[in-house]
Amino acid sequence: MAHSHGADAEMAACKISMLWNWYTIDSCFLSRSWHIKSHGAFAATCIGVMLMVILLEALRRIGKEYDEHIQRDFAARVALIANGIASNNTTCPAAPAVGPGSGAAEQGRTLAPQTVTFRASPLQQFVRSIIHMATFGLAYIVMLLAMYYNGYVIISIMIGALLGKFICDWMTKTVVITAGGEALVKNGNASGIDEPTVCCG
């Protein structure tokens, strides 16, 4: 009975509010074991929250980089196949066209665009799913921490988002200048974050 009374007293010491608060000592987050009992522990909590948000931004970046890596690999393979087909067409002359307008029809068939459908391999899709699962789960943990409405924790989340964006999503663009002087902008390796929160996107 004494042990049960002591456990109840420890739980009663937790300060949890559904309104905006600035609790430090005796704040509790997510579980009974995450009970802040000193200023040092609370400072470590704020630093940990910032690192979690930075990790979340890094996971988003890793997911995009992996998708772009798969697309670049597929594009390279398609380019090799297309070059092989083009070389075969140049080495094997086509039969002469017969009849009026047949030359234009043949040219239209030659210049018609072709569509190639890409599908990720099971291993590639599994890796994409693992990255998405980690990003999704970490985003929900950050959301649950924000729902404690602790001002220090929310500020830590915002600082972590700032640092994560600065470190993990540095924008780069590639500009191709053609012979005619036209500038074509291509996407770089950091295309920006499409949605601010994964869990609510």
Side-chain angles (χ1 to χ4, degrees), residues 1-72 120 122-173 187-201:
M1 295 296 293
H3 175 67
S4 177
H5 179 74
D8 293 340
E10 183 180 359
M11 284 298 297
C14 282
K15 295 181 180 179
I16 299 176
S17 176
M18 296 302 294
L19 299 175
W20 187 272
N21 64 87
W22 298 96
Y23 297 152
T24 54
I25 304 299
D26 288 331
S27 298
C28 293
F29 301 99
L30 298 181
S31 68
R32 181 185 304 178
S33 59
W34 198 341
H35 186 176
I36 308 301
K37 297 181 180 180
S38 66
H39 292 291
F42 190 79
T45 294
C46 292
I47 295 174
V49 169
M50 284 189 286
L51 294 177
M52 287 174 61
V53 180
I54 294 174
L55 177 60
L56 175 60
E57 298 295 341
L59 286 172
R60 288 173 174 167
R61 176 62 181 272
I62 290 172
K64 292 183 179 181
E65 288 288 340
Y66 186 69
D67 287 348
E68 291 180 0
H69 168 72
I70 295 176
Q71 294 173 12
R72 286 193 299 267
L123 178 60
Q124 291 172 337
Q125 187 65 15
F126 179 73
V127 174
R128 295 180 71 246
S129 301
I130 291 293
I131 297 174
H132 177 74
M133 178 192 68
T135 307
F136 197 83
L138 187 56
Y140 263 105
I141 292 175
V142 173
M143 181 191 69
L144 290 174
L145 289 171
M147 290 179 64
Y148 282 88
Y149 300 100
N150 187 290
Y152 297 109
V153 171
I154 291 178
I155 291 174
S156 299
I157 292 174
M158 296 171 65
I159 294 175
L162 185 150
L163 294 176
K165 179 72 174 182
F166 185 84
I167 297 171
C168 303
D169 195 29
W170 200 292
M171 177 179 288
T172 59
K173 294 291 182 178
N187 289 334
N189 56 1
S191 57
I193 293 177
D194 297 329
E195 66 280 345
T197 54
V198 174
C199 59
C200 304

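Taking both residues in full, the closest heavy atoms of E57 and K165 are given as CG-N, 4.2 Å, listed atom of the first, atom of the second, then distance. When all heavy atoms are compared, the tightest approach of D26 to A13 is CB-O, 3.1 Å. In terms of heavy atoms, G160 sits closest to V53 at C-CG1, 3.5 Å. Smallest separation of non-hydrogen atoms from K15 and I25: CD-O, 3.8 Å. Contact detail for G151 and W20: the closest heavy-atom pair is CA-CZ2, 3.5 Å. For N150 against S27, the heavy-atom pair with the smallest separation is ND2-OG, 4.1 Å.
Taken to the nearest 0.5 Å, the CD1 atom of I157 stands 14.0 Å off from the CG atom of L162. To the nearest 0.5 Å, the span separating CG on D67 from CD1 on I62 amounts to 12.0 Å. Between I154 atom CD1 and M147 atom CE the span is 11.0 Å, to the nearest 0.5 Å. Once rounded to the nearest 0.5 Å, the distance linking OG1 of T135 with CG of L55 reads 8.5 Å. Interatomic distance, CE of M50 versus CD1 of I155, reported as 10.5 Å (0.5 Å rounding). To the nearest 0.5 Å, atoms CD (E65) and SG (C168) are separated by 10.5 Å.
With sequence neighbours excluded, the residues satisfying side-chain contact (heavy atoms from CB on, under 4.5 Å) with A120 are F118, Q124, Q125. Contacts of M52 classified as side-chain contact (heavy atoms from CB on, under 4.5 Å), with partners at least two apart in sequence or in another chain: L138, I141, V142, L145.
Two residues are said to be in side-chain contact when any heavy atoms from C-beta on lie closer than 4.5 Å; T24 and I36 fail this criterion.
Listed by first and then second residue, the ring-ring contact (aromatic ring centres under 6.0 Å, His included) pairs that reach into residues 142-166 are W22-Y152, F29-Y148, F42-Y152, F166-W170, sequence neighbours excluded.
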